[in-house]
Number of protein chains: 2
Amino acid sequence: MADRQDIHTSGVPALCEACEARHRGICGALSPDQLLGLSKTSSKQKIEAGAELVGDQETIDHYSNVLGGVVKLTKTLSDGRQQIVGLQFAPDFLGRPFRAESAINAEAATDVALCSFPKATIERMMKESPGLEHLLLTQTLKELDEARDWMVTLGRKTAAEKVASFLLLIARNIDPTARTRPGASFDLPLTRADIADFLGLTIETVSRQLTRLRADGVIRIENNRHVVIDHMARLEARSGI
Amino acid sequence: MADRQDIHTSGVPALCEACEARHRGICGALSPDQLLGLSKTSSKQKIEAGAELVGDQETIDHYSNVLGGVVKLTKTLSDGRQQIVGLQFAPDFLGRPFRAESAINAEAATDVALCSFPKATIERMMKESPGLEHLLLTQTLKELDEARDWMVTLGRKTAAEKVASFLLLIARNIDPTARTRPGASFDLPLTRADIADFLGLTIETVSRQLTRLRADGVIRIENNRHVVIDHMARLEARSGI
DNA sequence: CGTAAGTTTGAGCAGGTTCAACCGGTGTGG
DNA sequence: CCACACCGGTTGAACCTGCTCAAACTTACG
């Protein structure tokens with residue numbers, strides 16, 4: 001358990017040393033002391049695709065950082081119609097603060113790596129260090145911005161525009177080179193059914209629109225899951241900006 | 001400018017004495033000193049329906065509290081298609097913290113009463129008092145919850161269910177008795193065009209669905225604007241819960 | 001009284017859904 | 001080893017909800 005002691009990791013728990021959440025995530029707001037305290041009660045875990053992380057109306061007793069993979073947040077009507085209301089990527093914080101019960105369902109869309117810790121610990125630290133609450137506010141505002149962007153897509157875009165918008169969203173979140181290169185390449189983290197639930201469409205419509213984008217040479221699809229976009233600009237032109 | 005000095009208002013600026021935002025809104029998190037400081041640079045104003053409060057891509061230099069009326073937040077695609085992405089009622093806080101530019105458009109849906117103050121003042125106070133940031137986080141989380149509920153409506157509900165859901169939303173936010181009595185009664189704060197932009201529908205479809213609800217005896221409509229709901233339960237049954 | 005803005009109503013159309021069949025890869029058991 | 005079932009995905013055809021275009025109506029207001 002002896003940490004390598006240098007300028008950057010002095011006092012940082014071994015568990016957290018290489019962790020992305022320490023740099024771009026919630027843990028960056030914690031003092032070394034707090035980080036140490038949190039790391040004692042936290043645990044990294046691998047979750048496989050399809051597993052439920054938080055059930056609707058379940059009491060919440062822990063929060064998590066997403067360290068890898070994609071988590072989908074869903075809501076379901078009583079007759080089974082489902083809508084994905086959020087996607088979380090590393091290093092997002094997973095959990096609804098200040099609520100005993102979850103109003104949404106969280107499920108691993110791909111294999112997921114999490115770092116979980118007790119709700120009580122974080123809520124105590126939030127009272128101690130304003131920086132943590134500030135970071136949470138920042139992330140929540142970002143999620144609200146994204147949700148509102150998505151409301152435009154759901155309410156006002158055509159099926160073709162919805163699918164193009166979705167591909168752009170995924171490319172920007174998964175392929176780190178997508179912001180610099182003119183193209184992108186990635187594995188879709190969602191099944192056709194998930195994409196349909198995300199876009200408020202049926203799987204058939206999603207499939208047809210993907211086929212059409214491929215036929216028009218805007219994207220290439222390999223193995224049903226891997227997508228190559230040569231010219232992001234052409235996809236953007238179809239996303240109804 | 002001499003304040004009446006009693007237990008509840010000691011040190012409270014005259015401007016703020018009867019203000020709802022002091023109790024249920026953002027200002028409740030401020031110390032008497034801060035409230036005084038803020039009140040010196042803030043101004044109450046009446047805005048008439050239709051006026052633009054914040055333009056898309058405009059630089060933000062002030063925030064506001066909504067003291068009365070309804071503010072609609074909209075996003076518009078380049079070809080003019082529009083979507084309402086949020087409605088704000090008293091005593092909501094209006095403005096996007098930590099952003100120089102607005103990504104959305106804010107417009108008075110009805111006549112609106114605001115209390116505005118400089119962005120810089122609030123951001124300084126946020127650093128001083130964690131309670132303020134906590135309240136902002138709370139409101140932002142609430143808005144995120146609402147946005148996600150609305151994504152389900154936009155993505156998965158039928159036109160009939162959308163209109164019923166909208167009426168329920170308004171009833172709960174405008175008619176204070178709606179939570180206790182079985183019925184409700186209120187003026188619609190939005191035109192048919194606004195309702196359509198809110199629901200991702202056309203005005204014709206909204207009109208037809210309202211007519212149908214009226215024909216079925218679920219609601220009564222007077223003067224095109226005033227709505228009476230005798231049995232909320234019947235409306236809920238049509239909202240696709 | 002006349003105009004304008006907002007709303008309702010009607011008829012035809014089309015985008016997306018529904019229902020159904022098929023395809024290809026993978027895992028399982030005889 | 002092959003037959004078979006299963007799962008995710010694709011494709012086709014018919015249908016229907018909500019949209020488009022057009023016209024009438026209602027209310028407010030000068």
Side-chain angles (χ1 to χ4, degrees), chain A residues 48-50 72 77 79-83 107 109-110 153-167 187-216 219-227 238 240, chain B residues 48-51 72 77 79-83 107 109-111 153-167 187-216 219-227 238 240:
Chain A
E48 69 180 10
K72 58 179 184 180
L77 298 177
D79 63 0
R81 281 174 288 175
Q82 198 173 57
Q83 176 69 44
E107 192 179 320
T110 63
T153 301
L154 287 172
R156 289 304 185 194
K157 291 191 185 175
T158 64
E161 291 169 339
K162 284 181 179 183
V163 171
S165 302
F166 169 76
L167 291 174
D187 276 345
L188 283 175
L190 270 55
T191 64
R192 301 292 188 271
D194 283 339
I195 300 175
D197 283 347
F198 195 64
L199 296 171
L201 298 171
T202 59
I203 48 176
E204 292 94 333
T205 303
V206 171
S207 178
R208 277 185 250 269
Q209 296 301 337
L210 284 173
T211 305
R212 193 151 157 238
L213 285 173
R214 193 186 46 197
D216 292 356
I219 61 174
R220 283 178 285 152
I221 301 181
E222 293 153 15
N223 284 332
N224 280 341
R225 277 298 188 112
H226 193 76
V227 175
R238 290 181 176 237
Chain B
E48 69 179 13
K72 59 178 184 181
L77 298 177
D79 63 359
R81 282 173 287 176
Q82 197 173 60
Q83 176 69 45
E107 192 179 321
T110 63
D111 289 348
T153 301
L154 286 172
R156 288 305 184 194
K157 291 191 185 176
T158 64
E161 292 168 338
K162 285 181 178 183
V163 171
S165 301
F166 169 75
L167 291 174
D187 275 344
L188 282 174
L190 270 57
T191 65
R192 300 293 188 270
D194 285 337
I195 300 174
D197 282 349
F198 194 63
L199 296 170
L201 298 172
T202 58
I203 47 175
E204 293 93 331
T205 303
V206 171
S207 178
R208 276 185 250 271
Q209 296 301 337
L210 284 172
T211 305
R212 195 152 155 238
L213 284 172
R214 192 185 46 198
D216 293 356
I219 61 174
R220 282 178 284 151
I221 302 180
E222 294 154 14
N223 282 334
N224 279 342
R225 277 298 187 110
H226 192 76
V227 175
R238 290 181 176 236

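So that the names make sense, note that chain A is the first sequence line, chain B the second, and so on, each numbered from 1.
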Student: Could you check if a side-chain atom of B/R208 sits within less than 4.5 angstrom of a side-chain atom of B/E204, using non-hydrogen atoms only?
Tutor: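 A side-chain contact exists here, since the closest heavy-atom pair is under 4.5 Å.
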Student: Nearest whole Å is fine: how far is D/dG9 P from A/N223 CG?
Tutor: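 One finds 12 Å between P of D/dG9 and CG of A/N223, rounded.
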Student: May I have the distance from A/E222 (atom CD) to C/dG24 (atom P), rounded to whole angstrom?
Tutor: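 After rounding, the reported distance stands at 18 Å.
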Student: Mind checking if B/T211 touches a base, just sugar-phosphate, or nothing, with heavy atoms under 4.0 Å?
Tutor: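 Here B/T211 touches the backbone only, sparing every base.
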Student: Tell me what B/L201 touches on the nucleic acid: a base, only sugar-phosphate, or nothing, going by heavy atoms under 4.0 Å.
Tutor: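 The residue B/L201 makes sugar-phosphate contact but no base contact.
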Student: Counting C-beta onward and ignoring hydrogens, is there a side-chain heavy-atom pair between A/L190 and A/K72 closer than 4.5 Å?
Tutor: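 A/L190 vs A/K72: side chains apart.
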Student: Nearest to the side chain of A/E204 - C/dT8, D/dG18, D/dG12?
Tutor: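 Nearest listed nucleotide: D/dG12.
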Student: Taking the side chain as every heavy atom from C-beta outward, state whether A/L188 and A/F166 have any atom pair closer than 4.5 Å.
Tutor: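 Yes. Closest side-chain heavy atoms under 4.5 Å.
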Student: Are any of the side-chain heavy atoms of B/I221 and B/L213 separated by less than 4.5 Å?
Tutor: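 Side-chain contact under 4.5 Å: no.
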Student: Between C1' on D/dT10 and CD1 on A/I221, what's the gap in Å once rounded to a whole number?
Tutor: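 One finds 11 Å between C1' of D/dT10 and CD1 of A/I221, rounded.
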Student: Ignoring the backbone of A/Q209, work out which of C/dG16, D/dT10, D/dA13 is nearest its side chain.
Tutor: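 Selected nucleotide: C/dG16.
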Student: Rounded to 10°, tell me the angle between the two end axes of the helix from C/dC1-D/dG30 to C/dG30-D/dC1, each built from five pairs.
Tutor: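 End-to-end axis angle for the helix from C/dC1-D/dG30 to C/dG30-D/dC1: 20°, rounded to 10°.
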Student: CD1 of B/I195 versus P of C/dG6: gap in Å, rounded?
Tutor: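 Rounded to whole Å, this separation is 13 Å.
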Student: Nearest whole angstrom, please: distance from the P of C/dG15 to the NZ of A/K157.
Tutor: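 Going from A/K157 (NZ) to C/dG15 (P), I get 18 Å.
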Student: Heavy-atom distance under 4.5 Å between the side chains of A/R192 and A/N224, does that happen here?
Tutor: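 A/R192 vs A/N224: side chains touch.
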Student: A/D194 CG to D/dC7 P: how many Å, rounded?
Tutor: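 Rounded to whole Å, this separation is 16 Å.
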Student: I want to confirm an ordering. Mapping B/N224 and A/G200 to their closest nucleotides on DNA chain C, which one lands closer to the 5' end?
Tutor: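 The residue whose closest nucleotide sits nearer the 5' end is B/N224.
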Student: Just so I know, are the side chains of B/L199 and B/K157 near enough to count as touching, which here means a heavy-atom distance under 4.5 Å?
Tutor: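 Contact flag for B/L199/B/K157 side chains = no.
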Student: In the structure I gave you, are the side-chain heavy atoms of A/R81 and A/D197 within less than 4.5 Å of one another anywhere?
Tutor: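 When only atoms from C-beta onward are counted, A/D197 and A/R81 do not touch, as no gap falls below 4.5 Å.
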Student: Please state whether the base of C/dT18 and the side chain of A/R208 form at least one donor-acceptor pair under 3.5 Å?
Tutor: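 Counting by modelled atom types and ignoring angles, a donor-acceptor contact under 3.5 Å is found here.
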Student: For a quick test of reading the model: is some side-chain N or O of A/T202 closer than 4.0 Å to OP1 or OP2 of C/dT17?
Tutor: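 For C/dT17, OP1 or OP2 has a side-chain N or O of A/T202 closer than 4.0 Å.
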Student: Whole angstroms only, please: what is the NZ-P distance between B/K162 and D/dC19?
Tutor: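 Checked: the NZ to P distance equals 7 Å.
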Student: Atom CZ of B/R212 to atom C1' of D/dT17: distance rounded to whole Å?
Tutor: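 The answer, rounded to whole Å, is 11 Å.
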Student: Quick one: which of C/dT17, D/dG18, C/dG16 gets closest to the side chain of B/T205?
Tutor: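 When the side chain of B/T205 is considered, D/dG18 is the closest of C/dT17, D/dG18, C/dG16.
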